[in-house]
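Structure first, commentary second.
These figures come from a predicted structure and were not determined experimentally. To find a chain, count down the sequence lines: A is the first, B the second, and so on, and within it residues start at 1.
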There are 2 protein chains.
Amino acid sequence: MSGKRITMKQVAERAGVSRTTVSFVLNNTPNVNISPETRERILDAARELHYARDFAATSLATGRAHTIAFIIRQPPEELSVDAFMGGLLNGVSQAVNHAGYHVLFYAMGLNASKGAYAELIRSQRVDGLLISGPLVEDSELLDLDAEGVPLVIQGTPDVGDLPSVDVDNIASARMATEHLIQLGHRRIGMITNGPLTYTSSRDRLTGYIQALEAAGLPIDEGLIQSGEFSDDSGVQAMNRLLELPHRPTAAFVASDVVALGAIRTIREHGLRIPGDISIVGFDDIPLAQYLEPGLTTVRLPRVELGLHAGKMLMDLVEGKPVPERHLRLNTSLIIRGSAALFE
Amino acid sequence: MSGKRITMKQVAERAGVSRTTVSFVLNNTPNVNISPETRERILDAARELHYARDFAATSLATGRAHTIAFIIRQPPEELSVDAFMGGLLNGVSQAVNHAGYHVLFYAMGLNASKGAYAELIRSQRVDGLLISGPLVEDSELLDLDAEGVPLVIQGTPDVGDLPSVDVDNIASARMATEHLIQLGHRRIGMITNGPLTYTSSRDRLTGYIQALEAAGLPIDEGLIQSGEFSDDSGVQAMNRLLELPHRPTAAFVASDVVALGAIRTIREHGLRIPGDISIVGFDDIPLAQYLEPGLTTVRLPRVELGLHAGKMLMDLVEGKPVPERHLRLNTSLIIRGSAALFE
DNA sequence: TTGGAAAATTAACTCGCGTTAGTAAACCGC
DNA sequence: GCGGTTTACTAACGCGAGTTAATTTTCCAA
């Protein structure tokens, strides 16, 4: 059914040398002298036989798998709906492959079996972990980090000092809110992207508050409503804002998906965007630019997040110094038509 | 920095037996008698020491990696924009993990180095390959298949008899077109999703033609325009349709993304959807439901494609019989507001 | 031509685990 | 208490490659 396996032994025989010599040549082992002719002969033999180094054997002998695990803890459906994960994975994959490593992918969701991370590490299957997603009580990761296991979080961990890469949610939310303030709005609502148990939700709310305070505007609790990732939750939240006796002239919605629901609700109330209410979103999902009017929003550098996270993990794995253990990337405000001057 | 590695030897010592016995117990090796007490003692020891089987050693000894490679050949940007890949990956991951296997992810793009597939297989790093994307001249895969390497294509290969999973593009396009015919349209334009070098483009065009022929409608070459994946290409194609002396009252656009451009163009010409022109798309991208009016389109079972492809590969890897080497999944027509009765 | 250093190559051990063949102890019928 | 089965366990080899220590060959100065 299949051809016999090609090992260093076959290559050695064909080149008329010992297996050890083959290993030296193929690895360019330093402090070893091999005559140019022999070297050439071995390389030729390897090429002619289509030799490929056995991964398991190499890994066993060296103790390194040249592989990392990319684990996402978001509910798996998110993968199917949102392009964020795809962009992230793209970046991670590029950075890691570039360093000569491979990526094992796991969609663990939130029900990961206890000890799943440790098992990957202890079985020597991977050299490091890259984890994305909301981390609820992941004390396991703290233990691993303490043991010296290379790992990087994509996101902003609640506790501990785990190496992480994320956007600067506070600054981004502040930027979005300041945009509305600059447009002349004074009563600005806020709808969070998720419950405040998530650091991203908290941080974006903080940014909103900072912007208001910096501008000397009052913080009105009633103007702050909670979203929960879905567009439906945006419907609820916006309804609450619209029912206020003195309703806002603008709203910062900390998630484009949630904003979709909010926008629908505004229209159903017979109000116009941005005429009656200005909206600024967050995430810059692909459809943001196709809405009518286009959604002004905060763009996340999806691919770059992945690239940086991947790079940081590679550095950790290879023992190189990591300049910033907590990298925060800048976002950019994409101005379209959903937020306008308050006359 | 790190604790000493736990191997079967440590477990054996702690349980007071030989390493072989530990192996027998941990693997439930058949035809071997181990007393219940000994078995218990070994399992306890393993648990207490947090023993995890070394992956490389196991793989080397058994010759199986319990790992498959999921390779995408689409341009990597697509990952960042479209949710299709995410859904697919989600399905693949579920199916493969369920079978106790792991997924190595590669975004090879189109510039994959010659021999990349073979290297993965020959190095024993993976037991099988799952490849998604437009396959240009991938004769390498035919060779591997001939050698008995387990592999599955997500998509419809040009040539050969490689195992594959895809939607039925012909039937789907036919369904979409028939929907327009049933609405009373007689002059129906078509914009392809990509160049006809792609099987998916060809098949969707074929479905369109079949629908027209079945309804006794003439095939007008001028009504068939070529898209190229992007919304910009949709702009060009629709412009060509609108410039026709006798322009269509409806169009089947074989890609939602391309349809976005087409829709923009229609509006820029001052025409209304579906009043002046009805549109049916293909893919059901997430934003299709948010357009105004909602885009009537063909929904691809993203996750299911991944699930089936993963399952098929698992069967091939484990030598189980594969009922259908060329699986074609059904799609569904999602009727929204972009296609209406032709008065 | 000979001693000795440098250059070229190899034997042998190791990594952790699967597995075959074999040994030792326990049991059993008579 | 003796041959013959089970039952319970282990010694030893192999998977393919990295690596150290040793060995052989080459080269050159004295």
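- B:R39 has its side chain within reach of B:N28: a pair of non-hydrogen atoms, C-beta onward, lies under 4.5 Å apart.
- Looking at heavy-atom distances under 4.0 Å, B:R53 makes contact with sugar-phosphate atoms alone, never a base.
- Residues A:P150 and A:V317 approach most closely at CB-CG2, 3.8 Å, considering heavy atoms.
- Contact annotation: the side chain of B:M108 approaches that of B:Y117 to within less than 4.5 Å [non-hydrogen atoms, C-beta and beyond].
- Under the 3.5 Å distance criterion, with hydrogens and angles disregarded, a donor-acceptor pair is assigned to the side chains of A:S164 and A:R328.
- With sequence neighbours excluded, no residue forms a ring pair (Phe, Tyr, Trp, His ring centres under 6.0 Å) with B:F105.
- Taking 4.0 Å as the cutoff to heavy atoms of chain A, we find the contact window on DNA chain C bounded by C:dA7 to C:dG16.
- Nearest-nucleotide positions on DNA chain C place A:R19 closer to the 5' end than the other of B:D54 and A:R19.
- Near DNA chain C, meaning a heavy atom under 4.0 Å away, there are no residues from residues 31-47 of chain B.
- Heavy-atom contacts from other residues, nucleotides or ligands closer than 6.0 Å to NE2 of B:H98 number 12 or fewer.
- In this structure, the side chains of A:L88 and A:M85 come closer than 4.5 Å at one or more pairs of heavy atoms.
- When heavy atoms are screened at a 4.0 angstrom cut-off, B:T21 is found touching base atoms of the nucleic acid.
- More than 12 heavy atoms of other residues, nucleotides or ligands sit less than 6.0 Å from atom CD of B:E304.
- Between B:F24 and B:V17 the shortest side-chain heavy-atom distance does not fall below 4.5 Å.
- Within 4.0 Å of A:T58, counting heavy atoms only, lie sugar-phosphate atoms of the nucleic acid but no base atom.
- For the pair A:I6 and B:R122, the minimum side-chain heavy-atom distance is 4.5 Å or more.
- With sequence neighbours left out, A:Y101 forms a ring pair (Phe, Tyr, Trp, His ring centres under 6.0 Å) with A:H66.
- Of all the residues in residues 9-18 of chain B, not one reaches under 4.0 Å from DNA chain C with any non-hydrogen atom.
- Nucleic acid contact for B:F55: none, since no nucleic acid atom lies under 4.0 Å from a heavy atom of the residue.
- Smallest separation of non-hydrogen atoms from A:I71 and A:L120: CD1-CD1, 4.2 Å.
- Nucleic acid contact class of B:T20 (heavy atoms, under 4.0 Å, all strands): base.
- Think of the region where chain A sits on DNA chain D: with heavy atoms and a 4.0 Å cut, that region ends 5' and 3' at D:dG16 to D:dT20.
- Within the 4.0 angstrom heavy-atom criterion, only backbone atoms of the sugar-phosphate kind lie near B:T7; the bases stay farther away.
- The one candidate from A:I42, A:T21, A:V11 that meets the side-chain contact (heavy atoms from CB on, under 4.5 Å) condition with A:L26 is A:I42.
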